[in-house]
Amino acid sequence: QVLLFNGKDGEWRADISEAGKRGGSLTCVEQTKPLQMPPDLWLMFAPIKKARTDFIVEKAVEMGAARIVPVMTEFTNAGRVQRDRLQAHAVEAAEQCGATYVPQVGDAVRFDRLVDQWDEARRIMFCDEDLAGATSGETLARGATGPWAILIGPEGGFSEAERARITAVPNAIAISLGPRILRADTAAVAAMTLWQDRLGD
């Protein structure tokens with residue numbers, strides 16, 4: 001027997017009714033979990049080294065992101081993003097943590113294009129390392145529910161031009177993640193934890 005999920009029908013226990021070298025068939029027996037959709041939250045991050053980017057994708061799945069978007073910023077120090085590889089990693093993470101939904105990993109997008117095409121109905125929680133040590137929990141607590149996105153910068157931080165552009169976006173909220181400047185992969189986990197605690201499920 002195996003457990004199956006497809007992102008639409010929850011999790012099902014199935015019998016292997018036929019197996020061969022190139023395929024087979026399964027028979028669904030009973031539903032073991034209903035579909036559990038994550039909140040309408042995107043995690044947008046600047047890609048970093050391969051293993052640490054994999055970590056970010058894995059934790060985004062575990063912590064309930066609905067969509068994962070690599071963003072190429074001025075100081076991004078990473079090579080080409082292999083979306084198919086990251087999507088496969090998201091599937092593996094969902095399998096390992098018993099999720100019934102796999103977030104879509106988007107194609108890498110340039111920061112300026114992302115901002116130019118932004119839907120202002122989706123709020124952005126912008127993690128600004130320049131605010132390290134500032135109090136931001138109350139600001140986030142006052143934010144409205146609805147579609148959100150978290151934006152994590154690269155290892156070198158955002159450029160001044162990028163910071164100015166993102167803070168000018170309506171419904172963008174700059175927050176601090178505490179008194180210390182965090183590594184990008186740590187910041188992603190901290191930011192999702194903060195958002196889920198204040199506004200999530």
Side-chain angles (χ1 to χ4, degrees), residues 37-48 52-73 75-76 78 81 86 89-90 93-94 97 99 101-115 117-132 134-159 162-163 165-178 180-201:
M37 294 294 292
D40 190 357
L41 174 67
W42 296 2
L43 177 65
M44 307 183 302
F45 71 98
I48 47 180
R52 290 169 61 194
T53 292
D54 290 349
F55 176 88
I56 290 174
V57 170
E58 177 183 302
K59 299 310 169 190
V61 174
E62 289 183 37
M63 300 193 69
R67 184 171 174 80
I68 302 168
V69 183
V71 180
M72 307 306 286
T73 68
F75 299 147
T76 297
V81 174
L86 292 180
H89 200 66
C97 67
Y101 175 84
V102 180
Q104 186 71 29
V105 178
D107 290 322
V109 61
R110 287 177 54 89
F111 176 88
D112 53 355
R113 185 175 180 187
L114 178 79
V115 175
Q117 299 178 350
W118 191 254
D119 178 1
E120 295 178 2
R122 183 174 296 276
R123 294 172 177 263
I124 301 176
M125 187 175 111
F126 160 48
C127 302
D128 188 354
E129 67 274 11
D130 277 6
L131 295 179
T135 301
S136 60
E138 294 79 9
T139 301
L140 187 61
R142 289 195 296 269
T145 58
W148 275 84
I150 294 171
L151 177 61
I152 304 293
E155 293 173 308
F158 291 103
S159 70
E162 289 170 338
R163 186 174 286 105
R165 288 202 68 189
I166 195 65
T167 54
V169 172
N171 288 330
I173 298 175
I175 69 155
S176 164
L177 293 177
R180 290 164 289 279
I181 295 177
L182 304 177
R183 284 175 24 156
D185 46 350
T186 307
V189 175
M192 289 196 69
T193 301
L194 176 62
W195 188 91
Q196 286 280 29
D197 179 60
R198 301 284 178 163
L199 298 169
D201 61 1

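All residue numbers in this chain count up from 1 along the given sequence.
Every residue was checked against the side chain to side chain donor-acceptor pair (under 3.5 Å) condition with Arg113, not counting sequence neighbours, and none meets it. Residues forming a side chain to side chain contact (heavy atoms under 4.5 Å, CB included) with Ala191 (at least two apart in sequence, or on another chain): Met125, Cys127, Ile150, Ile152, Leu177. Annotation: salt bridge (Lys or Arg N to Asp or Glu O under 4.0 Å) contacts of Arg163 (sequence neighbours excluded): Asp128, Glu129, Asp130, Glu160. Considering only residues two or more places apart in sequence or on other chains, Asp54 meets the side chain to side chain donor-acceptor pair (under 3.5 Å) condition with Arg85. Legend: residues meeting salt bridge (Lys or Arg N to Asp or Glu O under 4.0 Å) with Asp107, ordered by chain and number and at least two apart, are Arg83. By the ring-ring contact (aromatic ring centres under 6.0 Å, His included) test, Phe126 is found to be paired with Phe158, residues two or more places apart in sequence or in another chain being considered. Checked against side chain to side chain contact (heavy atoms under 4.5 Å, CB included), Ala99 has the following partners two or more places apart in sequence or in another chain: Ala94, Cys97. Residues satisfying the side chain to side chain donor-acceptor pair (under 3.5 Å) test with Arg67, not counting sequence neighbours, are none. Here Thr193 pairs with Met63, Val189 under the side chain to side chain contact (heavy atoms under 4.5 Å, CB included) rule; sequence neighbours left out. Thr76 pairs by the side chain to side chain donor-acceptor pair (under 3.5 Å) definition with Thr73, not counting sequence neighbours. With sequence neighbours left out, the salt bridge (Lys or Arg N to Asp or Glu O under 4.0 Å) criterion links Asp197 to no other residue.
Counting only heavy atoms from C-beta outward, the side chains of Leu194 and Ile175 approach each other to under 4.5 Å. Side-chain contact between Val81 and Met72 is present, with heavy atoms from C-beta onward closer than 4.5 Å. Under the 4.5 Å side-chain criterion, counting only non-hydrogen atoms from C-beta, Trp195 is in contact with Pro39. The shortest side-chain heavy-atom distance between Trp118 and Ile166 does not fall under the 4.5 Å cut-off.
Here the CD1-CG distance, from Ile173 to Leu151, works out to 13.0 Å after rounding to the nearest 0.5 Å. Atom-to-atom distance recorded for Trp148:CH2 and Asp40:CG is 12.0 Å, nearest 0.5 angstrom. Thr186 contributes atom OG1, which lies 11.5 Å from atom CZ of Arg180 (distance to the nearest 0.5 angstrom).
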- Using the side-chain contact (heavy atoms from CB on, under 4.5 Å) rule, take Thr53 and His89 through it: C-alpha gap first, then chi angles, then the decisive distance, then the call. CA-CA 10 Å; Thr53 292; His89 200 66; over 6 Å; no

- Task: For Ile68 and Ile56, run side-chain contact (heavy atoms from CB on, under 4.5 Å): C-alpha distance rounded to whole Å, both residues' side-chain angles, the deciding distance at 0.1 Å, then the answer.
- Result: CA-CA 9 Å; Ile68 302 168; Ile56 290 174; 5.8 Å; no

- Go through Asn171 and Arg122 one step at a time and tell me if the side-chain contact (heavy atoms from CB on, under 4.5 Å) criterion holds. CA-CA 7 Å; Asn171 288 330; Arg122 183 174 296 276; over 6 Å; no

- Message: Before you tell me yes or no, could you show the steps for Ile48 and Phe55 under side-chain contact (heavy atoms from CB on, under 4.5 Å), namely the whole-Å CA-CA distance, both residues' side-chain angles and the distance that decides it to 0.1 Å?
- Response: CA-CA 10 Å; Ile48 47 180; Phe55 176 88; over 6 Å; no

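Within the structure, salt bridge (charged side-chain N to carboxylate O under 4.0 Å, His left out) pairs that include any residue of residues 185-194 comprise Arg52-Asp185, Arg183-Asp185 (at least two apart or interchain).
Ion pair Glu62/Lys59 flagged as a salt bridge, since at least one NZ, NE, NH1 or NH2 atom sits closer than 4.0 Å to an Asp/Glu carboxylate oxygen.
When all heavy atoms of Ala149 and Met44 are compared, the closest pair comes out as CB-CE, 3.8 Å. Closest non-hydrogen pair, Pro103 versus Ala90, comes out as O-CB, 4.3 Å. Here the closest non-hydrogen pair linking Tyr101 and Pro38 is CD2-CD, 3.4 Å. Closest non-hydrogen pair, Gly153 versus Ala184, comes out as O-CB, 3.9 Å.
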